[in-house]
Trainee: 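Structure incoming, see below.
Whatever order the structure lists them in is the order used to number ligands and atoms, beginning at 1.
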Amino acid sequence: MGYNFFKITELKESFRRKLNTFVYTLGNAITHGEKISFADNDISYFLQLQNERLKNKQLTMEYELYDRDDSRNPTVGSEWRDAHYESFVCSEQIGVKRKILKGGSKIYSDNKKNILYTTITDVTTGIHPDNESVCCPNCGNVTTIAGLQGGCEYCGTMYKMDDLFPKVSGYYFLNDVALAGKEGIQGVIPFMAAAFIINAFIAVIAMIVRGEFKITSLFLLIPVIPLSMFLGYVLFSIYMMIRLIAIGSSQSAGKYGTIGSRKKFEQRMRMITPEFSFEYFTSKVISLIKTVVYSENPQDLLFYKGGATSPEFKDIIDLNYGGALGLAGFQEERGIVTVFTDAFFDVLYAKDSKIIFKRETLRAVFQRRTDIPINLQFSMTKIQCPTCTGSFNAIRNKKCPYCGNVYDIISDDWVLVDLKYE
Ligand SMILES: [Zn+2]
Ligand SMILES: [Zn+2]
């Protein structure tokens with residue numbers, strides 16, 4: 001996924017510091033509902049919804065991200081750009097420890113060796129997008145980039161360009177098949193130790209049975225050490241192979257057979273907007289699905305035009321993209337393209353104080369117009385009213401606060417028309 005084995009570019013130092021802050025504040029945003037740094041408003045919004053879901057269930061989810069290999073820096077994969085912004089996908093070996101508490105006692109915990117994929121968006125060098133609308137990271141009101149630099153007209157907070165860009169505009173975790181840093185050594189030691197204990201136990205029993213056991217016979221166990229190390233190594237390799245096959249098959253499930261339609265879809269969308277990429281579309285899809293799943297009233301959401309969602313969604317407390325967005329097909333009719341996607345997720349459910357882990361496939365159907373270019377920076381938190389051109393945050397107002405017209409999001413962006421279990 002966007003990973004180039006031949007050309008590895010490390011993320012710039014200045015970006016790295018911001019990405020670290022994002023990683024550091026992500027856990028607190030989920031656990032305590034605190035503000036996340038350097039994330040765009042769509043991410044902040046679904047994290048807030050996730051935190052509210054946990055609160056409603058009277059659960060606390062401790063969510064800790066840790067660097068699996070301090071000696072390696074995040075690397076940059078595929079990139080795309082439009083008139084004012086450039087975006088690229090960045091990857092880093094980050095593990096996630098989750099611990100779920102109810103009334104102070106632990107009811108679930110896990111520790112996943114993941115790769116964190118982030119989409120980082122920056123302003124294109126040399127261009128000053130002063131009049132671009134942007135959300136105030138403090139109060140969420142819509143103003144312009146220039147406006148924020150002079151002090152937000154709603155809350156007065158002043159920003160430097162450096163506070164606003166670059167920012168994280170998408171993220172997901174994938175289970176890593178490889179080992180990072182000291183994980184190889186740490187992983188093989190228990191196998192070697194177990195092999196030694198079993199071998200030594202058998203040898204001692206054999207000596208006792210034959211009546212030859214003396215305390216000095218323990219020295220005879222010394223040659224068992226190299227044998228056990230070898231055996232432990234072999235067993236560890238077999239374990240890693242099984243793990244590779246298991247993770248690989250779960251992450252590529254449904255991926256095959258859809259590559260062709262994915263290419264066709266990309267080509268079709270590039271006729272509307274040459275910068276369109278499937279990676280951009282994937283991060284959009286994940287954000288919209290998370291927002292619907294964590295929302296208590298999805299039908300109030302501007303971009304959701306489907307029916308009532310499955311009641312099971314209300315029990316979802318964490319949702320991790322499983323690494324494959326399958327494209328079941330797309331069709332075009334009267335200037336509207338409809339695209340059928342299958343997204344794979346690792347899901348945590350909280351049902352009657354029980355935590356259940358499940359792998360699920362969600363079928364999400366999206367629509368958009370084919371007569372207007374795709375705005376790669378589009379966000380429902382900074383809408384431009386087509387009637388009066390006023391800018392507002394559609395999460396707070398369904399109608400334009402300036403002219404009162406009801407805003408229809410399909411005039412600007414993707415609309416989710418159906419979301420259900422596959
Ligand atoms: Zn503000
Ligand atoms: Zn208006």
Side-chain angles (χ1 to χ4, degrees), residues 17-18 21-22 24-26 28-30 32-52 84-85 120-123 128-170 287 291 299-305 335-336 367-369 371-416:
R17 259 183 288 128
K18 288 195 168 184
T21 315
F22 170 83
Y24 182 73
T25 49
L26 178 60
N28 282 340
I30 296 172
H32 305 294
E34 284 173 16
K35 240 181 154 44
I36 178 140
S37 299
F38 301 115
D40 73 1
N41 284 66
D42 292 12
I43 293 178
S44 311
Y45 183 59
F46 72 65
L47 288 175
Q48 190 192 325
L49 291 176
Q50 185 180 7
N51 175 261
E52 281 163 19
H84 289 162
Y85 303 97
I120 298 181
T121 299
D122 195 14
V123 283
H128 295 278
D130 286 351
N131 297 318
E132 286 282 304
S133 59
V134 67
C135 276
C136 170
N138 182 47
C139 71
N141 280 301
V142 182
T143 172
T144 58
I145 289 179
L148 282 186
Q149 288 172 289
C152 170
E153 59 182 296
Y154 301 95
C155 71
T157 317
M158 272 180 56
Y159 296 91
K160 296 190 297 276
M161 197 61 174
D162 191 52
D163 300 325
L164 305 171
F165 290 98
K167 65 184 177 191
V168 175
S169 56
S287 282
T291 309
Q299 282 167 308
D300 289 350
L301 295 165
L302 193 69
F303 68 88
Y304 181 70
K305 299 222 167 146
I336 299 275
Q367 286 186 332
R368 70 160 285 126
R369 286 162 60 161
D371 59 336
I372 42 154
I374 298 164
N375 175 356
L376 300 179
Q377 304 307 321
F378 185 84
S379 154
M380 59 192 158
T381 58
K382 46 179 174 67
I383 300 289
Q384 186 150 46
C385 171
T387 316
C388 74
T389 74
S391 298
F392 62 100
N393 185 337
I395 286 170
R396 292 147 186 254
N397 319 276
K398 306 216 89 181
K399 288 177 185 169
C400 170
Y402 307 103
C403 70
N405 277 358
V406 176
Y407 173 75
D408 187 10
I409 199 166
I410 202 159
S411 57
D412 286 304
D413 202 43
W414 297 96
V415 168
L416 180 54

Trainee: Suppose the cut-off is 2.8 Å; how many protein N/O/S atoms fall inside it around the Zn ion (ligand 2)?
Mentor: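 N, O or S atoms of the protein closer than 2.8 Å: 4.
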
Trainee: Is the closest side-chain donor-acceptor distance between Ser169 and Asp40 under 3.5 Å?
Mentor: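 Note: Ser169 and Asp40 side chains miss the donor-acceptor criterion.
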
Trainee: Are the side chain of Asn393 and the backbone N or O of Gly140 linked by a donor-acceptor pair below 3.5 Å?
Mentor: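 Yes, the answer is positive, given that a donor and an acceptor are paired below the 3.5 Å cut-off.
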
Trainee: Of the non-hydrogen atoms in Ser44 and Ala39, which two are nearest, and what is the gap between them?
Mentor: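 Between these two residues, the closest heavy atoms are OG-O, 4.1 Å.
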
Trainee: For Leu26 versus Ile36, what's the shortest heavy-atom pair and its separation?
Mentor: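 Leu26 and Ile36 have their closest heavy atoms at CA-CD1, 3.5 Å.
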
Trainee: Return the NZ to OG1 distance between Lys167 and Thr121, rounded to the nearest 0.5 Å.
Mentor: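 With rounding to 0.5 Å, NZ (Lys167) is 7.0 Å from OG1 (Thr121).
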
Trainee: What protein N/O/S atoms sit under 2.8 Å from the Zn ion (ligand 1), by chain and number?
Mentor: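 The answer is Cys136 SG, Cys139 SG, Cys152 SG, Cys155 SG.
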
Trainee: Where do Ser37 and Thr21 come nearest, in terms of heavy atoms and distance?
Mentor: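 Shortest heavy-atom separation between Ser37 and Thr21 comes out as CB-CG2, 3.7 Å.
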
Trainee: Please lay out, stage by stage, how Lys18 and Asp162 fare under the test side-chain contact (heavy atoms from CB on, under 4.5 Å).
Mentor: CA-CA 10 Å; Lys18 288 195 168 184; Asp162 191 52; 3.6 Å; yes

Trainee: Has Asn51 got a side-chain atom pairing as donor or acceptor with Ile30's backbone, closer than 3.5 angstrom?
Mentor: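 Checked: pair present.
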
Trainee: Salt bridge or not for Asp408 and Lys305, using N-O below 4.0 Å?
Mentor: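 Lys305 and Asp408: salt-bridged.
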
